[in-house]
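Only one structure is covered here, and it is reproduced in the block below.
Reminder, nothing fancy here: chain letters follow the sequence lines and each chain counts from 1.
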Amino acid sequence: MNDYISTFYNDIYHIIDNLIKDNIIPKDFNIKKINVDFSSKSKRGDISTNLYIILNKSLIKKDFELKNYILFEFNKLSYLNKITFSNNGFINLILNDDYIFSKLIEVIKKNHEYGKIILKNKDKNINIEYVSANPTGPVHVAHMRGAVLGDVLSNILSFVGYNVTREYYVNDTGTQINILGKSLYKRYLQLLGEQIEIEKDEYPGDYLIKIAKNILDNHKNEIIKKNIKDKDIFFKNYAVKEIIKTIKIDLKNLGILFDTYTHESSIIDNNSNINEVFKILKEKELLYEGFLNKPKGEDIKNWKPRKQLLFKSSYYGDDSDRPLKKENGEWTYFANDSAYHYNKINRNYNLLINVWGADHIGYVKRMKSIVDAISNSKVSLNIIVCQIVKLIKNNQSLKMSKREGNYILIKDLLKDVGKDPLRYYMISTKNETPIDFNIDEVIKQNKDNPVFYCQYAYARSSSVINKFKNDNILNSENLINKKIDFKFISKYEREIILQIIAWPYIIFQSSTLCQPHRITNYIENLSTIFHSFWNKGKDHSEYRLIDNSNINKTISKIIWIDSMRIVFRNAFKLIGIEANEKM
RNA sequence: GCGCUCUUAGCUCAGCUGGAUAGAGCAUCGGUUUUCUAAACCGAGGGUCGCAGGUUCGAAUCCUGCAGAGCGCGCCA
């Protein structure tokens, strides 16, 4: 990372190190209190810092001339042009124009690589598991947010150099899958002319009829020969296989692909995973047979104290210990999931990321506990919980019920809304905030809609560049060798340029905090200041981008416009939306 | 009852992990097209950052309590 913000941070840290060495501030000085502000709104400088305020407070040598010292040190930094202290102690700084230009040319040189960070620990392997919707029906709204978030986060993390594995965990065993198989069998019988009744817990969706028809057409003879048990297995497996197929298609249309699908059945079939987990926990004395307390408040029918095999997750800060075995001796879902995470740990990941829906929020602590336990605290698990998406149409929130199977499907939303707005909206709000997704607003193709607002900014800027496609001097490929002349650059453009060259820092924040919404905030801001500048050209010809009478002026402007386009393209690519040069 | 998350303009959301006068968009009102894309721009009004304490030079941001909303709470996955 060598953007101007990170560079300045590093130089500040250097100064602090020296002050500690010279015993002027204490060794335990908290470096995190130092802040560098690059917000273009402050208008007090290109960047500013609270360095003086914070250092002044922690001085051991009270008579130390701190102000002069900082001035002396900052004067050594070649990229700074002007240093001023405000009355309340903030330091405001203006950057060197040549420095800014060198950063801008870097954008053009690096092009689609611009914004990549050279990480210190670049060999880090990350596994990111998302969607993992149960293969009992098509993917719907509830899965959408996590799907897009997981995808964009994967894009960002691999962009900054991690080895990222995108993984989908298929829960293809257990009670629900048995019910699914039964439901499909009923549909099959129905097609054969039998009277059937779909019971309360069974799956009523039409998609099973289609699958049943497929079986009838292709496998009828084969089924007749099977005994009851084999029939159960056949229908169960067939249902899962077909449903996963449609899930893959729906997600692909949303722009989402996975590297690996791991099936729960494969984790369980091979008992080694769960046996290993059991062994480790036993060695660590984290297992015991015992009783759980009945949860207070809510009445639980048929509550009976039960002796169960329990994991001491409370040792790791969980609210209660958690059962690993059911009464009938089967492993619980939690046990299987532990085995699955053990499997992931064994695949040599340094970091596991799980993207979950809000309905799993109660499982965060126990999952972190078990990963901590079985990995000897070597692997960390980061769980990102997405709040719900409430769909609104005609000013009414759409009611959905699982039982009636009337969830809005991703497939249908893609048809109504389109991929780009859907993806954009799913990540432009930070994951902890619930989204009110107003379908009527999102399909608008104007400034009400931030996706089109940003895409339009890209198209507008492209229209300028494309004017010079066939111009030997001014075409975009030749810009690297050209020089920007700051006398043609207005203060408004300078602001835009400062935003453009802040892009690597945005990537840094977005990747380390796992917050893709910082990218959409950033490009919305970039779009705003660009549109605003564009319109200035209407009243004031000096702000116009093309000046046929002055080629050096035009070159200077085209350089930053093309750099901005590169940043837009890179941002759009990470988000997974189109960059169209014409709209 | 317990846990996690949330509460910022009429609405939808930001607020850069403690900074300077709290920001956008929508909605409302008023203006800007013989000109590189008006799918845009400019201006106005609109706020006790849920409430109350605390921490310090400084709090929307951190801590505590309270109120409200969402999700979850032993054999569903």
N/O-N/O pairs, protein side and nucleotides 75-77 of chain B side, under 3.5 Å:
from   : atom 1 : to     : atom 2 : distance (Å)
B/rC75 : O2'    : A/K326 : NZ     : 3.2
B/rC75 : O2     : A/E327 : N      : 2.4
B/rC75 : N3     : A/E327 : OE1    : 3.3
B/rC75 : N4     : A/R306 : NE     : 2.7
B/rC75 : N4     : A/R306 : NH2    : 2.7
B/rC75 : N4     : A/E327 : OE1    : 2.5
B/rC76 : O2'    : A/Q176 : NE2    : 2.9
B/rC76 : N4     : A/Y363 : OH     : 2.9
B/rA77 : OP1    : A/T175 : N      : 2.7
B/rA77 : OP1    : A/T175 : OG1    : 2.8
B/rA77 : O3'    : A/N171 : ND2    : 3.4
B/rA77 : O3'    : A/E264 : OE1    : 3.2
B/rA77 : O2'    : A/N134 : OD1    : 2.6
B/rA77 : O2'    : A/N134 : ND2    : 2.9
B/rA77 : O2'    : A/N171 : OD1    : 3.0
B/rA77 : N6     : A/Y363 : OH     : 2.7

Check your understanding: Taking atom C1' in both B/rC51 and B/rC11, what distance in whole Å separates the two?
Key -> 23 Å
Practice item. Could you tell me whether A/A457 contacts a base, only the sugar-phosphate backbone, or nothing, with contacts defined as non-hydrogen atoms closer than 4.0 Å? Key: nothing
**Study point:** Results of ring-ring contact (aromatic ring centres under 6.0 Å, His included) for A/F530 - residues two or more places apart only
**Key:** A/W534
Practice item. Assign B/rU33 to syn or anti; the rule is syn for a glycosidic angle within 90° of 0 and anti otherwise. Key: syn
Output a table of nitrogen or oxygen pairs between the protein and nucleotides 8-11 of chain B separated by less than 3.5 Å.
none

Review point. Does A/K393 have any salt bridge (charged side-chain N to carboxylate O under 4.0 Å, His left out) partners at least two apart in sequence or in another chain, and if so, which?
Key: none
Exercise for review: Mind listing the residues from residues 545-563 of chain A sitting with a heavy atom below 4.0 Å of RNA chain B? Number order is fine.
Suggested key: A/L545, A/I546
Exercise for review: Search all heavy atoms of A/V417 against all heavy atoms of A/P421 and return the closest pair with its distance.
Suggested key: O-CG, 3.6 Å
Review point. RNA chain B: stems of at least 3 consecutive Watson-Crick or G-U pairs, cut-off 3.5 Å?
Key: B:1-7 with B:67-73, B:10-13 with B:23-26, B:28-32 with B:40-44, B:50-54 with B:62-66
Review point. Looking only at N and O atoms, is any donor in the side chain of A/T429 or the base of B/rA14 less than 3.5 Å from an acceptor on the other one?
Key: no
Practice item. Ignoring backbone atoms, test whether A/S532 places a side-chain nitrogen or oxygen under 4.0 Å from the OP1 or OP2 oxygen of B/rC42. Key: yes
Practice item. Go through the structure and list residues passing side chain to side chain contact (heavy atoms under 4.5 Å, CB included) with A/P434, not counting sequence neighbours. Key: A/Q387
**Study point:** A/N30 atom CG, neighbour heavy-atom count above 12 within 6.0 Å
**Key:** yes
Practice item. Please measure how far the P atom in B/rC71 lies from the corresponding atom in B/rC29, and state the result in whole Å. Key: 37 Å
Check your understanding: Any donor-acceptor pair under 3.5 Å linking the side chain of A/S532 with the backbone of A/T528?
Key -> no
Practice item. Flag yes if more than 12 heavy atoms outside A/N87 fall under 6.0 Å of its CG atom; otherwise flag no. Key: no
Review point. Is there a side-chain polar atom (N or O) of A/W356 under 4.0 Å from OP1 or OP2 of B/rC4?
Key: no
Exercise for review: Check for a donor-acceptor pair, side chain of A/D3 on one end and backbone N or O of A/P504 on the other, with a separation under 3.5 Å.
Suggested key: no
Check your understanding: Can you check whether A/S461 has a side-chain N or O nearer than 4.0 Å to OP1 or OP2 of B/rC36?
Key -> no
Revision key, fill the gap. In short, A/L281 meets A/L324 closest at the heavy-atom pair CD1-CD1, 4.1 Å
Point to revise | Spacing of the C1' atoms in B/rA77 and B/rA39 (rounded, Å) | key: 45 Å
Kindly give the atom pairs (protein nitrogen or oxygen, nucleotide nitrogen or oxygen) under 3.5 Å for nucleotides 57-60 of chain B.
from   : atom 1 : to    : atom 2 : distance (Å)
B/rC57 : N4     : A/K57 : NZ     : 2.8

**Study point:** All side chain to side chain contact (heavy atoms under 4.5 Å, CB included) counterparts of A/H360, not counting sequence neighbours
**Key:** A/W356
Point to revise | 5' precedence on RNA chain B between A/R518 and A/F437 (nearest-nucleotide basis) | key: A/F437
Study note, to complete from the structure: note: A/R544, atom CZ; B/rC41, atom P; distance rounded to Å ~ 17 Å
Review point. In whole Å, what separates the C1' atom of B/rG15 from that of B/rC49?
Key: 11 Å
Check your understanding: Between A/Y316 (side chain) and A/V371 (backbone), is there a donor-acceptor pair under 3.5 Å?
Key -> no
Check your understanding: Which residue, A/N580 or A/E524, contacts RNA chain B at a nucleotide closer to its 5' end, judged by nearest heavy atom?
Key -> A/E524
Review point. So, is A/K538 close to the B/rU32 phosphate, meaning a side-chain N or O under 4.0 Å from OP1 or OP2?
Key: no
Check your understanding: Counting any heavy atom closer than 4.0 Å, what does A/N92 reach on the DNA or RNA strands: base, sugar-phosphate only, or nothing?
Key -> base
Check your understanding: How far, in whole Å, is B/rA9 from B/rG25 if one measures between their C1' atoms?
Key -> 12 Å
Check your understanding: Considering only side-chain heavy atoms of A/W303, which listed nucleotide, B/rG3, B/rG74, B/rA14, is closest?
Key -> B/rG74
Can you check nucleotides 68-70 of chain B for protein contacts, nitrogen or oxygen pairs under 3.5 Å, and list what you find?
none

Review point. Residues in salt bridge (charged side-chain N to carboxylate O under 4.0 Å, His left out) with A/K182, at least two apart?
Key: none
Point to revise | SB check A/K344 A/E167 (cutoff 4.0 Å) | key: no
**Study point:** Exercise: do A/Y522 and A/R518 side chains pair donor with acceptor under 3.5 Å
**Key:** no
Exercise for review: Check ring-ring contact (aromatic ring centres under 6.0 Å, His included) between A/Y315 and all other residues, then give those that pass, not counting sequence neighbours.
Suggested key: none
Review point. Does the ring centre of A/F508 sit less than 6.0 Å away from the ring centre of A/Y505?
Key: yes
Review point. Do side-chain atoms of A/D172 reach the backbone of A/H263 as a donor and acceptor pair under 3.5 angstrom?
Key: no
Review point. Heavy atoms under 4.0 Å, any strand shown: does A/T433 hit a base, just sugar-phosphate, or nothing?
Key: sugar-phosphate
Point to revise | Sugar-phosphate, base or nothing in reach of A/K536, heavy atoms under 4.0 Å | key: nothing
Practice item. Report yes if a side-chain nitrogen or oxygen of A/N35 is closer than 4.0 Å to either non-bridging phosphate oxygen (OP1 or OP2) of B/rU17; otherwise report no. Key: yes
Check your understanding: What interatomic distance, in whole Å, is found between C1' of B/rA24 and the corresponding atom of B/rU8?
Key -> 13 Å
**Study point:** C1' gap between B/rC63 and B/rU56, integer Å
**Key:** 13 Å
Exercise for review: Describe, in one word, how the ring planes of A/Y169 and A/Y340 are oriented to each other, choosing from parallel (under 30°), tilted (30 to 60°) and perpendicular (over 60°).
Suggested key: parallel
Check your understanding: Using a cut-off of 4.0 Å on non-hydrogen atoms, how would the nucleic acid contact of A/Q515 be classed: base, sugar-phosphate, or nothing?
Key -> nothing
Point to revise | Side chain A/S58, main chain A/I54, donor-acceptor under 3.5 Å | key: yes
Study note, to complete from the structure: Checking B/rU37, B/rC73, B/rA20 against the side chain of A/P295 (C-beta onward), the nearest is B/rC73
Exercise for review: Please check if the side chain of A/N354 supplies one atom and the backbone of A/E129 the other of a donor-acceptor pair under 3.5 Å.
Suggested key: no
Review point. Distance between the C1' atoms of B/rG68 and B/rA27, in whole angstroms?
Key: 26 Å
Revision key, fill the gap. For A/V355 and A/C386, the nearest pair of non-hydrogen atoms, with its separation, is CG1-SG, 3.9 Å
